[in-house]
2 protein chains.
Amino acid sequence: MPETGQQVGTRQRVEDSAALLFRRQGYAATGLKQIAAESGAAFGSIYHFFPGGKADLGDHVVRRAGAAYRDLVATALGGDADPETAVLSMFDAAARALAESDYADACPIATLALEVASTDERLRMATEAVFADWVDTATAWFGQWVPRPADRDLATSLIMLLEGAFLLARAARDPGPLHIAGQSMVTLLRAHRSG
Amino acid sequence: MPETGQQVGTRQRVEDSAALLFRRQGYAATGLKQIAAESGAAFGSIYHFFPGGKADLGDHVVRRAGAAYRDLVATALGGDADPETAVLSMFDAAARALAESDYADACPIATLALEVASTDERLRMATEAVFADWVDTATAWFGQWVPRPADRDLATSLIMLLEGAFLLARAARDPGPLHIAGQSMVTLLRAHRSG
DNA sequence: GTCTATAGCATGATAGAC
DNA sequence: GTCTATCATGCTATAGAC
């Protein structure tokens with residue numbers, strides 16, 4: 001079934017709306033009826049595309065949004081030749097996007113990940129796979145300038161600082177933490193390049 | 001009404017159970033009936049002590065658990081004379097506590113903070129106040145060895161690394177991120193002391 | 001594939017007996 | 001202060017017409 005024209009199918013509209021709502025208000029607080037209303041899909045269509053119900057939809061959304069955000073961050077990092085400048089501009093871009101969305105669009109899966117970590121093993125494993133993918137991607141990027149195993153430690157610290165900064169920035173409605181995180185990341189990179 | 005003996009009142013049992021459940025499964029997924037059952041209190045007692053209902057209870061729990069966790073971290077940091085050793089042992093203690101709770105007890109307010117950041121202004125402000133209090137406390141601690149304004153940047157990075165590490169560690173059921181975060185924090189501290 | 005209706009069960013909140 | 005019953009509403013999930 002080839003896509004004719006740029007029309008967006010019902011399934012994708014459902015996934016997009018679910019991703020947006022899970023990101024902004026979390027998994028438990030988002031109802032399937034709200035997703036149906038937001039996406040313009042009939043309630044029954046959700047169960048047509050995701051027979052396993054909410055958990056099935058959540059699993060798909062986590063993996064799809066996770067891959068998309070990895071590409072977004074990889075693009076933000078890859079544009080520059082100097083790694084320190086690239087790191088700073090990536091955190092700046094994240095800060096700008098967060099403020100422009102009225103502090104709603106931070107990490108697409110962090111809220112859900114914390115909610116399900118101790119309550120839903122299937123969704124927990126989906127978030128684990130996404131974070132591992134992000135760390136792998138960042139490890140390969142840092143590997144251009146830093147030897148093992150420091151590349152992986154830097155990559156893990158990058159994700160941790162970004163996630164922690166998103167948390168503080170959303171709670172305070174202030175982009176400041178993201179800029180501090182960027183500076184700290186530059187300091188860590190310098191220490192590992194000279195050391 | 002003086003406390004006679006070490007009996008724990010109904011109000012505190014409700015707060016304790018709510019704090020535990022909010023921490024492990026989040027705010028939206030935790031029902032008042034579950035809190036009543038867990039604490040052994042009658043359902044109506046919750047509304048007796050918290051007339052504003054769930055939001056009222058959540059606000060109290062966030063501030064109380066936030067202050068308790070600040071004291072816990074401050075104690076973990078303050079025990080040692082050497083700041084680098086103190087930072088490492090604090091992250092080690094956090095890793096141990098997390099693993100021993102089967103990756104359930106990480107930050108007491110992070111899940112709730114992300115859930116309410118864009119949906120409940122009163123609770124968002126409660127989490128903002130708690131994080132600001134933590135950063136202030138850590139800033140004063142770093143101020144013993146590092147001049148302004150680096151003390152505040154280090155304090156913010158400490159909280160961000162701790163929160164990001166908790167997220168990755170819970171998702172992967174692995175304490176590794178907390179140890180990497182501790183090492184990165186030591187690197188940041190060294191850079192600011194020599195620089 | 002789309003859409004509606006509804007079952008079965010939870011929720012937050014309230015009223016009122018004791 | 002404690003406890004129970006209940007209301008109105010929401011949820012996930014299912015069944016079945018079209």
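In the text below, chain A, chain B and the rest are named by the order of the sequence lines, each starting its count at 1.
- Between Thr10(B) and Ser45(B), the closest heavy-atom pair is CG2-CB, 4.2 Å.
- Among dT14(D), dT2(D), dT14(C), the nucleotide with an atom closest to any side-chain atom of His48(B) is dT2(D).
- The side chain of Phe43(A) lies closest to dT4(C) when the candidates are dG12(C), dT4(C), dC3(D).
- In this structure, Leu32(A) places its CG atom 4 Å from P of dT12(D), rounding to the nearest Å.
- Mapping Tyr47(A) and Ser45(B) onto DNA chain D via the closest heavy atom, the residue that lands nearer the 5' end is Ser45(B).
- Nucleotides of DNA chain D nearest to Gly44(A) and Lys33(A) differ in position, and the one nearer the 5' end is that of Lys33(A).
- For residues 104-163 of chain A, the ring-ring contact (aromatic ring centres under 6.0 Å, His included) pairs, not counting sequence neighbours, are Tyr69(A)-Trp134(A), Phe131(A)-Trp134(A), Trp141(A)-Trp145(A).
- Exactly one residue among Arg190(A), Met185(A), Arg193(A) makes a side chain to side chain contact (heavy atoms under 4.5 Å, CB included) with Pro83(A). That residue is Arg193(A).
- The stretch residues 52-63 of chain B touches DNA chain C through Gly53(B), Lys54(B), each having a heavy atom under 4.0 angstrom from the strand.
- Note that CG of Asp174(A) and CD of Glu128(B) are 8.5 Å apart. Values are rounded to the nearest 0.5 Å.
- Under the side chain to side chain donor-acceptor pair (under 3.5 Å) criterion, the residue pairs touching residues 16-31 of chain A are Asp16(A)-Arg64(A), Arg24(A)-Asp105(A), Gln25(A)-Thr30(A), Gln25(A)-Gln34(A), with sequence neighbours excluded.
- If you measure from atom CZ of Phe50(A) to atom P of dT14(D), you get 16 Å, rounded to the nearest angstrom.
- Taking atom CD1 of residue Ile46(A) and atom P of nucleotide dC3(C), one finds them 12 Å apart after rounding to whole Å.
- One atom, OH of Tyr27(A), and another, P of dC11(D), lie 14 Å apart when rounded to the nearest Å.
- For dG1(C), the OP1/OP2 oxygens have no side-chain nitrogen or oxygen of Thr10(A) closer than 4.0 Å.
- Without hydrogens or angle criteria, Glu115(B) side chain to Ala28(B) main chain gives a donor-acceptor distance under 3.5 Å.
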